[in-house]
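Just so it is clear, the structure is predicted and the values come from calculations on it, not from any experiment.
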Amino acid sequence: MRLLAALRPRRPSAAVGLSALRSKAVRGQIRMTSSSSLPVAAVCQMTATPDKEANFSACTRLVEQAKEGGACMVFLPEGFDYIGSNREETLQLSESLEGDIISRYSHLARKLDLWLSLGGFHERGHDWKTDRRIYNSHIIMNGQGELVSVYRKAHLFDVELTSKAVSLKESAFTVPGPRLVPPIQTPIGKVGLGVCYDLRFPELSSALRRHGAEILTYPSAFTVATGAAHWEVLLRARAIETQCFVLAAAQVGAHHAKRTSFGHTLAVDPWGEVTGDCGGSDVGLTLVQIDLQRLRDVRRDMPVQQHRRDQDFYCSLD
């Protein structure tokens with residue numbers, strides 16, 4: 001594959017499940033939403049399992065529904081390819097970027113002429129033959145099916161929350177990514193890439209904003225305990241402090257006997273207002289218009305980046 005370079009007011013959104021999408025009324029709503037000159041993003045929610053074929057079929061249906069709804073770019077969550085039930089299964093199911101799964105998504109993107117954000121792909125590491133470790137990779141694919149950016153997750157989720165029955169050690173089989181990648185120009189704007197736990201590190205989003213990001217994206221598989229406590233507030237905080245759109249595709253429900261995800265795929269605008277939410281139980285997607293003029297207005301009226309001091313000031317306590 002070629003690599004090219006709490007209570008709050010809600011704005012109306014086109015958040016819909018797959019069954020709803022098939023209804024005539026919702027079809028009309030989608031057509032109206034996408035008839036504007038503003039580009040539309042589809043942010044998806046799914047329940048991945050260790051069955052890669054079933055997962056690909058589920059994602060294909062979501063992508064096709066997004067196309068029908070007028071989207072020009074589709075965002076899938078972390079672990080869209082699969083979520084393994086143990087370390088060995090997770091490693092055994094992994095592939096390279098040149099493997100079958102990415103090839104099939106390339107064909108899908110090309111067939112539908114859609115850009116894809118494939119967040120959290122289990123990519124075999126560069127030293128796979130010797131250490132059997134993987135990257136958690138966020139791939140951007142254009143409408144010709146070409147890979148235009150790959151970001152490998154930098155912050156790994158090694159957490160023991162005994163009171164919440166949460167125990168995950170991502171570093172046991174995952175290599176942390178070595179660097180950020182520049183925001184990539186897409187049909188909806190300039191997109192900066194993160195993955196899941198990266199959301200908790202505002203330094204990452206600030207760096208992407210400094211390098212021109214207009215949209216931040218965090219494909220995720222948050223646990224129920226951490227999601228209920230922190231998911232929305234973190235996403236809204238990242239949007240407010242960077243004055244970016246934030247799109248966060250999420251896993252939802254039980255993947256297997258050992259793991260369940262929080263759901264609530266969200267879209268947030270640069271003022272921090274939630275404009276789409278898929279809820280915490282169903283597979284589906286939310287369609288959101290990306291209004292870059294709104295972003296420019298927010299940044300003009302409150303020029304936070306101009307008020308920021310130089311890096312030496314923020315390090316003056318070190």
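- Residue pairs that meet the salt bridge (Lys or Arg N to Asp or Glu O under 4.0 Å) test with at least one member in residues 190-207, sequence neighbours left out, do not exist here.
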task = For the pair Ile290 and Leu38, evaluate side chain to side chain contact (heavy atoms under 4.5 Å, CB included) and give the outcome as yes or no after the intermediate values.
result = CA-CA 6 Å; Ile290 304 300; Leu38 296 175; over 6 Å; no

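- For an aromatic pair to be called close, the ring centres must be under 6.0 Å apart, and Phe80 with Phe56 fails this.
- For Leu76 against Cys44, the heavy-atom pair with the smallest separation is CD2-CB, 3.8 Å.
- Of all the heavy atoms in Leu216 and Ser205, the pair that sits closest is CD1-CB, 3.7 Å.
- Of all the heavy atoms in Gln45 and Thr265, the pair that sits closest is OE1-N, 2.7 Å.
- Classification of the His126-Tyr135 ring pair by plane angle, with boundaries at 30° and 60°, yields perpendicular.
- With Arg238 contributing its side chain and Leu199 its backbone, the two residues share a donor-acceptor pair below 3.5 Å.
- Tested against Met46 for a side-chain contact (heavy atoms from CB on, under 4.5 Å), the candidates Val252, Asn55, Leu285 yield a single pass: Asn55.
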N/O donor-acceptor pairs under 3.5 Å from side chains in residues 114-123, not counting sequence neighbours:
unit_1: Ser117; atom_1: OG; unit_2: His138; atom_2: NE2; d: 2.7
unit_1: His122; atom_1: ND1; unit_2: Asp81; atom_2: OD1; d: 3.0
unit_1: His122; atom_1: ND1; unit_2: Asp81; atom_2: OD2; d: 3.1
unit_1: Glu123; atom_1: OE1; unit_2: Ser137; atom_2: OG; d: 2.6
unit_1: Glu123; atom_1: OE1; unit_2: Arg152; atom_2: NE; d: 2.9
unit_1: Glu123; atom_1: OE1; unit_2: Arg152; atom_2: NH2; d: 3.3
unit_1: Glu123; atom_1: OE2; unit_2: Arg152; atom_2: NH2; d: 2.9

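- Judged by distance alone, with hydrogens and angles left aside, the side-chain atoms of Gln251 form a donor-acceptor pair with the main-chain N or O of Ala48 at under 3.5 Å.
- No single ILVMFWY cluster, assembled from side-chain heavy atoms under 4.5 Å apart, contains both Val304 and Leu295.
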key: Steps toward side-chain hydrogen bond (donor to acceptor under 3.5 Å, both in side chains) verdict (Thr260, His255)   = CA-CA 6 Å; Thr260 301; His255 309 291; over 6 Å; no

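- What you find for Leu93 and Lys52 is that their closest heavy atoms are O-NZ, 2.7 Å.
- Note that SG of Cys244 and CG of Leu208 are 8.5 Å apart. Values are rounded to the nearest 0.5 Å.
- Between Phe157 and Tyr197, the gap from one ring centroid to the other is short of 6.0 Å.
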Step-by-step side chain to side chain contact (heavy atoms under 4.5 Å, CB included) determination, Leu147 to Ile102 = CA-CA 9 Å; Leu147 276 65; Ile102 296 304; 3.9 Å; yes

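- Within 6.0 Å of atom CD in Gln306, 12 or fewer heavy atoms from other residues, nucleotides or ligands are found, so the atom counts as exposed in its surroundings.
- Side chains of Ser94 and Arg124: a donor-acceptor N/O pair is present below 3.5 angstrom, by distance only.
- Leu247 CG to Leu235 CG: the interatomic distance, rounded to the nearest 0.5 Å, is 10.0 Å.
- Under a hydrophobic-cluster definition in which Ile, Leu, Val, Met, Phe, Trp and Tyr are linked whenever side-chain heavy atoms come within less than 4.5 Å, directly or via other members, Phe262 and Val43 are assigned to the same cluster.
- Without hydrogens or angle criteria, Ser206 side chain to Pro202 main chain gives a donor-acceptor distance under 3.5 Å.
- Residues Leu112 and Val63 are in side-chain contact: their nearest non-hydrogen atoms beyond the backbone lie under 4.5 Å apart.
- Checked by atom type and distance alone, the side chain of Gln305 never pairs as donor or acceptor with a backbone atom of Gln243 at under 3.5 Å.
- We find that Glu78 and Lys153 are joined by a salt bridge, their nearest charged nitrogen and carboxylate oxygen being less than 4.0 Å apart.
- Counting only residues at least two apart or on different chains, no salt bridge (Lys or Arg N to Asp or Glu O under 4.0 Å) pair has a member in residues 209-231.
- In plain terms, the two heavy atoms of Ala42 and Ala71 that are nearest each other are CB-CB, 3.8 Å.
- No more than 12 heavy atoms of other residues, nucleotides or ligands lie within 6.0 Å of CH2 in Trp271, so this atom counts as exposed by the packing criterion.
- Val150 and Leu156 fall into different hydrophobic clusters, where Ile, Leu, Val, Met, Phe, Trp and Tyr residues are linked whenever their side-chain heavy atoms come under 4.5 Å apart, directly or through other members.
- Between atom CG of residue Asp131 and atom CZ of residue Arg133 there is a gap of 6.0 Å, rounded to the nearest 0.5 Å.
- The residues Asp269 and Arg294 are annotated as salt-bridged, a charged nitrogen and a carboxylate oxygen being separated by less than 4.0 angstrom.
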inquiry  = The test is salt bridge (Lys or Arg N to Asp or Glu O under 4.0 Å); show your working for Arg308 and Glu241 and say whether it passes.
reply    = CA-CA 11 Å; Arg308 193 174 300 278; Glu241 67 198 9; over 6 Å; no

With a cut-off of 3.5 Å and sequence neighbours excluded, list every side-chain donor-acceptor pair involving residues 171-186.
unit_1: Ser171; atom_1: OG; unit_2: Asp158; atom_2: OD1; d: 3.4
unit_1: Ser171; atom_1: OG; unit_2: Asp158; atom_2: OD2; d: 2.5
unit_1: Thr174; atom_1: OG1; unit_2: Glu170; atom_2: O; d: 3.1
unit_1: Thr186; atom_1: OG1; unit_2: Ile188; atom_2: N; d: 3.2
unit_1: Thr186; atom_1: OG1; unit_2: Gly189; atom_2: N; d: 3.4
unit_1: Thr186; atom_1: OG1; unit_2: Gly189; atom_2: O; d: 2.7

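- Between Pro303 and Arg300, the shortest heavy-atom distance links the atoms CD-O, 3.7 Å.
- Separating the CD1 atom in Ile101 from the OG atom in Ser106 is a distance of 12.5 Å, to the nearest 0.5 Å.
- No chain of hydrophobic side-chain contacts below 4.5 Å, direct or via other Ile, Leu, Val, Met, Phe, Trp or Tyr residues, connects Val224 to Val283.
- Taking the six-membered ring for Trp and the full ring otherwise, the centers of His107 and Tyr105 sit at least 6.0 Å from each other.
- Residue pairs meeting the ring-ring contact (aromatic ring centres under 6.0 Å, His included) criterion with at least one member in residues 273-315, sequence neighbours excluded, do not occur.
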query = Run the side chain to side chain contact (heavy atoms under 4.5 Å, CB included) check on Val288 and Val40 step by step: do they pass?
reply = CA-CA 5 Å; Val288 291; Val40 174; over 6 Å; no

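- In the hydrophobic clustering of this structure, Ile215 does not group with Ile240; members are Ile, Leu, Val, Met, Phe, Trp, Tyr whose side-chain heavy atoms approach within less than 4.5 Å, directly or through other members.
- Of the inter-residue distances, the one linking Leu62 atom CG with Glu64 atom CD reads 9.5 Å to the nearest 0.5 angstrom.
- Judged as a side chain to side chain contact (heavy atoms under 4.5 Å, CB included), and not counting sequence neighbours, the contacts of Glu160 are Ser167.
- Using modelled atom types, one finds no donor on one side chain facing an acceptor on the other under 3.5 Å when comparing His256 with Thr49.
- Atom OG of Ser149 is separated from atom CE of Met141 by 12.0 Å, given to the nearest 0.5 angstrom.
- Judged purely by distance below 3.5 Å, without hydrogens or angles, the side chains of Thr223 and Thr226 pair a donor atom with an acceptor atom.
- Counting only distance, with no hydrogens or angles, the side chain of Ser220 and the backbone of Phe222 share no donor-acceptor pair below 3.5 Å.
- Of the possible polar contacts, one joining the Glu89 side chain to the Ser85 backbone as a donor-acceptor pair under 3.5 Å is found.
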message = Between Asp318 and Cys315, is the side chain to side chain contact (heavy atoms under 4.5 Å, CB included) condition met? List the steps.
response = CA-CA 5 Å; Asp318 294 347; Cys315 294; 3.6 Å; yes

